[in-house]
Structures are given as C-alpha cells and as structure tokens.
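For reference, the structure discussed in these notes is given below.
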Amino acid sequence: MDRPKKKKKISAFWLKQLHSWHWISAAVSLAGMFLFAITGITLNHAATIGAEPQVTRAEATLPPPGLADLRGDHPANAPLPDTVSRAVTAAVALDPAGRAGEWTDEEVYVAMPGPGRDSWVSIDRESGAITAETTWRGWISYLNDLHKGRNTGDAWFWFIDLFAVACIIFTLTGLLLLQLHARHRPSTWPLVATSVLVPLLLALFLIH
C-alpha cells in the first residue's frame, strides 16, 4: 500500500473514532447537560424565583424498648441504635438510620438534610419524646441542590464526576472535529475564539 492511501486510511479511522466518541458522549451526557443548563438559569435567578417553604412537624413517643437503648452510653457522634431508628421511622416517617447523632445528656439530635429540604429529629433521652421537622423548599430548590451536589449522597457525587468526564470528552472531540472541518467553514475559529474571549473578558473586567 502506497503512503498516501495508508495515510488516508489512518485519517479515516481516527475521524470515525472521533465521531463515535463525540456522539456517544453526547448521548450519555444529554439529560445531565439539559438539567445542569436549566438549573444554571434557576441558580442565576435564585433571588427572583419566589418559593414559600413548607414546614411539617411531627411528635411521638419512643416505645420502652427503644428508650432503654437510648439511655445507654454512646459516642458523641454515634448513629441511633437500630431499634430507635426503626421506631422513629414508624412514628414520624423520617429515617435517621446510619446518620451521625449529636448526643448530650438530655437529648440526641439527628440532622437529615437532603436536596430541597432540611429535616431533623430530636429525642429526649429521659422521656422518649420525639420531635421531628421537615422544611421543604420546593422543586426549584431541589433541582438547584442537585446542580450543586448539596446533600445528595455518594451516588449523585459519582454521577456528577462521570457526567463531567462525558462532557469533557464531548467538548474535546468536538474541538478536534472542528479542526478537521475548519478549512471548509471559515467562521469556525472566530466563533471558538469568541467562546473563550467573552467569558475571559467578563471575568477580568466586569466581575468585582
């Protein structure tokens, strides 16, 4: 095989690879990119998007078996005993299992924040009185917290990392495809330069 044909074959191979990685990364990141674009707008206008928090309170009493487990010695940040967690879930419909508690001589307090909400449970260690409260800030706040990765847990943490990698692949393969087709599209590099210069100039001169 002569050199021009071999070079053309290699170029065709890499062009096919670029197209494959580009559309695969686009497909994988499509829903996430749409979500993060929308929540970028809602976060940018958070001060003008009104939302009335909904506060739900509940009270109950811990049954005797759970109360006995609560009165023992516990490390300062230990989670609730399983019997206590199950009793709390049954009583106030919040699940504190596995979450760190703040133990004092009088009570144990467990914070259970999540995207779009703040929840907590407090249990009196002497009487077994359970007080629980959930503040729901609305779906916009929920989606904004997903964008920020706020109180979203390990699964969402890793999703954001994988999504970011897919976006990087999408961007870099797109840039290489632009380079391959640039000679037939004169506006390619001016547009790319604009995409770099506009945010750079805004950051340097208009952000204080």
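The shown structure was predicted, so the numbers you read here are calculated from the model rather than taken from an experiment.
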side-chain contact (heavy atoms from CB on, under 4.5 Å) against Q179, all qualifying residues, sequence neighbours excluded:
L176, W189
W103 vs L70, side chain to side chain contact (heavy atoms under 4.5 Å, CB included): CA-CA, chis, key distance, verdict
CA-CA 10 Å; W103 295 79; L70 201 65; 3.7 Å; yes
Hey, does the side chain of R125 reach the backbone of T104 with a donor-acceptor pair shorter than 3.5 angstrom?
yes
Hey, what do you get for CZ (R71) to CD (E126), rounding to the nearest 0.5 Å?
5.0 Å
Considering all heavy atoms of both residues, which atom of P113 and which atom of A111 are nearest to each other, and what is their separation?
CD-C, 3.4 Å
Between H74 (side chain) and D69 (backbone), is there a donor-acceptor pair under 3.5 Å?
yes
Ignoring hydrogens and geometry, is there a side-chain-to-backbone donor-acceptor pair from T61 to A129 under 3.5 Å?
no
Between W156 (side chain) and L146 (backbone), is there a donor-acceptor pair under 3.5 Å?
yes
Separation of E59 CD from E133 CD (nearest 0.5 Å):
10.5 Å
Using residues 31-50 as the side-chain source, report each donor-acceptor pair under 3.5 Å to any protein atom, sequence neighbours left out, with the distance given to one decimal.
| from | atom 1 | to | atom 2 | distance (Å) |
| --- | --- | --- | --- | --- |
| T39 | OG1 | L35 | O | 2.8 |
| T39 | OG1 | F36 | O | 3.3 |
| T39 | OG1 | H147 | ND1 | 2.6 |
| T42 | OG1 | T39 | O | 3.0 |
| T42 | OG1 | N144 | OD1 | 2.5 |
| T48 | OG1 | H45 | O | 2.9 |

Should R117 and D145 count as an ion pair when the cut-off is N to O under 4.0 Å?
no
Would you call the rings of F159 and F163 parallel, tilted or perpendicular, taking 30° and 60° as the class edges?
parallel
Could you label the plane-to-plane angle of the W136 and Y142 rings as parallel, tilted or perpendicular, counting under 30° as parallel and over 60° as perpendicular?
tilted
For H22 and S25, which heavy atoms make the closest approach, and how far apart are they?
O-OG, 3.0 Å
Applying side chain to side chain contact (heavy atoms under 4.5 Å, CB included), run through V28 and I169 and close with a yes or a no.
CA-CA 11 Å; V28 168; I169 294 172; over 6 Å; no
Just wondering, are more than 12 heavy atoms of other shown residues or ligands nearer than 6.0 Å to CH2 in W120?
yes
Between A100 and V110, the two heavy atoms sitting closest are O-CG1, 3.8 Å
Could you state the interatomic distance from CG (L201) to CG (L206), rounded to the nearest 0.5 Å?
8.5 Å
Interatomic spacing from CD1 in I168 to CG in L172 - rounded to 0.5 Å:
7.0 Å
Spatial distance of atom CG (D118) from atom OG1 (T134) [nearest 0.5 Å]
9.0 Å
Between atom OG of S85 and atom CZ of R99, what is the distance when rounded to the nearest 0.5 Å?
11.0 Å
Give the C-alpha distance, both sets of side-chain angles, the deciding distance and a yes or no for side chain to side chain contact (heavy atoms under 4.5 Å, CB included) between T171 and L175.
CA-CA 6 Å; T171 303; L175 181 63; 5.7 Å; no
For side chain to side chain contact (heavy atoms under 4.5 Å, CB included), just list the numbers for V92 and T131, CA-CA rounded to whole Å, side-chain angles, deciding distance to a tenth of an Å, and then say yes or no.
CA-CA 8 Å; V92 297; T131 304; over 6 Å; no
All heavy atoms of L94 vs all of A132, minimum pair found to be CD1-CB, 3.9 Å
Of all residues at least two apart in sequence or in a different chain, which pass the ring-ring contact (aromatic ring centres under 6.0 Å, His included) check with H181?
none
